[in-house]
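In this text the structure is predicted, and so the values were computed from the model without any measurement. All ligand and atom numbering here is 1-based and tracks the order in the structure.
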Amino acid sequence: MKLETIAIHSGNRIDETTKAAIQPITLSTTFERGADGDYPGGYIYTRSDNPNRASLEDVLAKLENGADACAFSSGNAAGGSVFQALKPGSHVIAPSDMYHGLRNLLLQVYQGILTVDFVDQSAIENIKAAIKPETRLIWIETPSNPLLKITDIRSITKLAKEQGIFVCCDNTFATPVLQSPLLLDADLVMHSTTKYLGGHSDVLGGALITKEKSDFWQRIRDIQGLSGAVPSPFDCYMTVRGIKTLPYRMKGHVENAQKLAEFLSTHDDIEAVFYPGLPSHENHSVAASQMNGFGGMLSFLVKGDEQAAKKVANATKIFTQATSLGGVESLIEHRASVEGPDTKTPVNLLRVSVGLENIDDLVEDISLAIRTLKN
Ligand SMILES: *Cc1c(COP(=O)(O)O)cnc(C)c1O
């Protein structure tokens with residue numbers, strides 16, 4: 001089956017008793033045992049497994065060409081389970097502009113348990129130089145947040161294989177529609193399903209998908225059930241529902257983002273635009289070689305200072321000024337103020353999640369907002 005078909009059918013099970021065409025939400029936390037003490041329905045207790053979660057994990061594994069998937073209550077819970085599965089003392093190589101929530105998780109919660117080096121992953125030499133005998137994990141995020149840097153997945157997985165190091169790719173920005181890290185030899189893929197997979201900014205969730213069922217994967221499966229950061233049946237239902245339209249939504253996001261990036265890149269009051277679909281992007285050709293479309297996220301620098309950038313963000317009418325991304329509605333955000341005082345994000349940077357509104361309305365809205373700089 002192709003992606004569009006998987007997205008619609010792999011997360012759904014027709015109900016055997018009522019023949020409901022759309023899988024109902026199974027709220028029960030517990031499941032009846034058979035006379036012989038086993039579990040004829042295949043389920044025991046909802047923290048361990050639940051029909052809605054099983055369906056979500058099915059569709060996620062198939063979309064990413066994986067052997068299995070674990071769904072979590074948030075993207076951070078998913079990422080954190082990988083860190084938790086590592087042996088204490090392990091060394092992790094992570095990107096210098098890693099999603100700040102996961103960066104803080106590593107620095108605050110795993111301090112003293114894991115050691116971490118944050119390196120600019122847009123060049124393989126930087127990763128080579130950071131490898132130590134105790135390096136167990138290379139964490140990739142591509143395109144990255146918020147600078148839309150591109151990491152060459154193939155060259156990193158090749159390097160990691162030679163040294164016996166695990167590679168996990170945060171595929172949140174690209175989605176399984178635009179990028180398949182497991183086919184490029186990554187061991188694990190991580191998603192914040194809160195973003196494009198859910199797609200409507202109304203359900204939090206995360207996921208890990210594995211290329212093969214290994215001992216390390218079994219540890220993650222155990223952590224999912226024992227630590228218990230699992231999504232509710234309703235969250236699973238909502239995410240499965242969102243995924244059905246994912247392939248078509250991504251086409252719209254990519255088309256709109258490309259047009260908005262082109263408009264901004266010719267604007268006199270914009271200093272720089274970061275979007276992998278622009279030929280001016282430093283790793284445009286790497287992005288073209290590993291992505292089927294350049295995504296719906298972009299960021300840009302407003303000419304001027306922090307106040308100028310904030311003025312533009314405040315002046316938009318259709319773009320909602322809010323954090324997060326991947327919903328049908330466009331969002332704009334002054335990123336440095338979300339990331340806190342020690343951020344390295346330029347103070348005049350605005351990050352945009354380009355939604356599915358008509359592109360002419362989006363271009364007009366942002367162009368009028370930029371014009372307020374002249375007032
Ligand atoms: C949002 C996000 C996360 C964290 O996911 P939550 O669902 O908010 O916990 C991780 N990585 C990236 C790239 C994200 O955008």
Side-chain angles (χ1 to χ4, degrees), residues 56 60 64 69-84 92 94-110 116 118 121 137-151 153 168-179 181 186 188-209 223-224 227-232 235-236 238-239 242-243 246 250 253 257 274 276 291 294-299 322-327 331-333 335 338-340 343 345 349 351-355:
L56 173 59
L60 288 168
E64 283 288 5
C70 278
F72 293 87
S73 53
S74 71
N76 258 40
S81 300
V82 180
F83 307 149
Q84 213 176 330
V92 178
S96 50
D97 63 337
M98 185 181 204
Y99 171 74
H100 73 118
L102 285 171
R103 181 189 163 90
N104 289 342
L105 179 63
L106 276 172
L107 289 176
Q108 294 171 26
V109 178
Y110 285 91
V116 194
F118 296 96
Q121 297 188 341
L137 173 70
I138 301 176
W139 188 273
I140 331 182
E141 184 183 330
T142 181
S144 76
N145 174 40
L147 290 172
L148 282 300
K149 289 192 182 184
I150 297 292
T151 298
I153 301 175
C168 180
C169 182
D170 184 339
N171 207 27
T172 300
F173 273 34
T175 80
V177 179
L178 304 181
Q179 183 169 273
L188 295 172
V189 161
M190 181 237 134
H191 280 286
S192 167
T193 59
T194 313
K195 315 296 168 53
Y196 289 104
L197 278 75
H200 298 76
S201 307
D202 55 6
V203 57
L204 200 72
L208 294 171
I209 301 102
I223 288 167
Q224 178 200 34
S227 294
V230 292
S232 73
D235 292 351
C236 295
M238 291 289 279
T239 307
I243 287 172
L246 177 71
M250 290 320 293
H253 286 296
F274 306 108
M291 300 180 81
F294 300 102
M297 293 299 296
L298 62 85
S299 58
T323 195
S324 201
L325 61 118
L331 303 178
I332 193 163
E333 163 176 52
R335 195 67 199 160
V338 178
E339 293 179 353
T343 177
T345 298
L349 179 138
R351 188 185 80 175
V352 173
S353 173
V354 187

Show the atoms of ligand 1 that are less than 4.0 angstrom away from any heavy atom in [X].
{"X": "Gly205", "value": "7 (O)"}
{"X": "Met190", "value": "10 (C)"}
{"X": "Gly75", "value": "5 (O), 6 (P), 7 (O), 9 (O)"}
{"X": "Glu141", "value": "13 (C)"}
{"X": "Thr194", "value": "7 (O)"}

Considering all heavy atoms, the nearest [X]-[Y] contact:
{"X": "Leu298", "Y": "Ala257", "result": "CD2-O, 3.6 Å"}
{"X": "Leu147", "Y": "Leu349", "result": "CD2-CD1, 3.6 Å"}
{"X": "His191", "Y": "Thr175", "result": "CE1-CA, 3.9 Å"}
{"X": "Asn171", "Y": "Pro176", "result": "ND2-N, 4.0 Å"}
{"X": "Pro95", "Y": "Gln121", "result": "N-NE2, 3.5 Å"}

Original post:
Where on Thr172 is there a heavy atom closer than 4.0 Å to ligand 1, on the side chain, on the backbone, on both, or on neither?
Top reply: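 It is the side chain that touches ligand 1; the backbone stays farther off.
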Original post:
Side chain, backbone, both or neither: which part of Leu325 comes within less than 4.0 Å of ligand 1 when only heavy atoms are counted?
Top reply: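 The answer is the side chain of Leu325.
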Subject >> Option whose closest heavy atom lies nearest to atom 11 (N) of ligand 1, chosen from Leu204, Asn171, Asp170 >> reply: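 Checking each option, the heavy atom nearest atom 11 (N) of ligand 1 is found in Asp170.
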Nearest protein heavy-atom contact for [atom]: which residue, which atom, what distance?
{"atom": "atom 9 (O) of ligand 1", "result": "Asn76 N, 2.8 Å"}
{"atom": "atom 4 (C) of ligand 1", "result": "Tyr99 CE2, 3.4 Å"}
{"atom": "atom 14 (C) of ligand 1", "result": "Lys195 NZ, 3.0 Å"}

**OP:** Please say whether Asn145 places an N or O atom under 3.5 Å from an N or O atom belonging to ligand 1.
**Re:**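 So ligand 1 has no N or O lying under 3.5 Å from an N or O of Asn145.
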**OP:** Say whether Ser74 and Asn76, considering side chains only, have a donor N or O and an acceptor N or O under 3.5 Å apart.
**Re:** no
Subject >> Arg103 side chain reached by Trp139 side chain, heavy atoms, under 4.5 Å >> reply: no
Original post:
Is the shortest heavy-atom distance from the side chain of Leu208 to the side chain of Gln224 under 4.5 Å?
Top reply: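 The answer is no; the side chains never approach within 4.5 Å.
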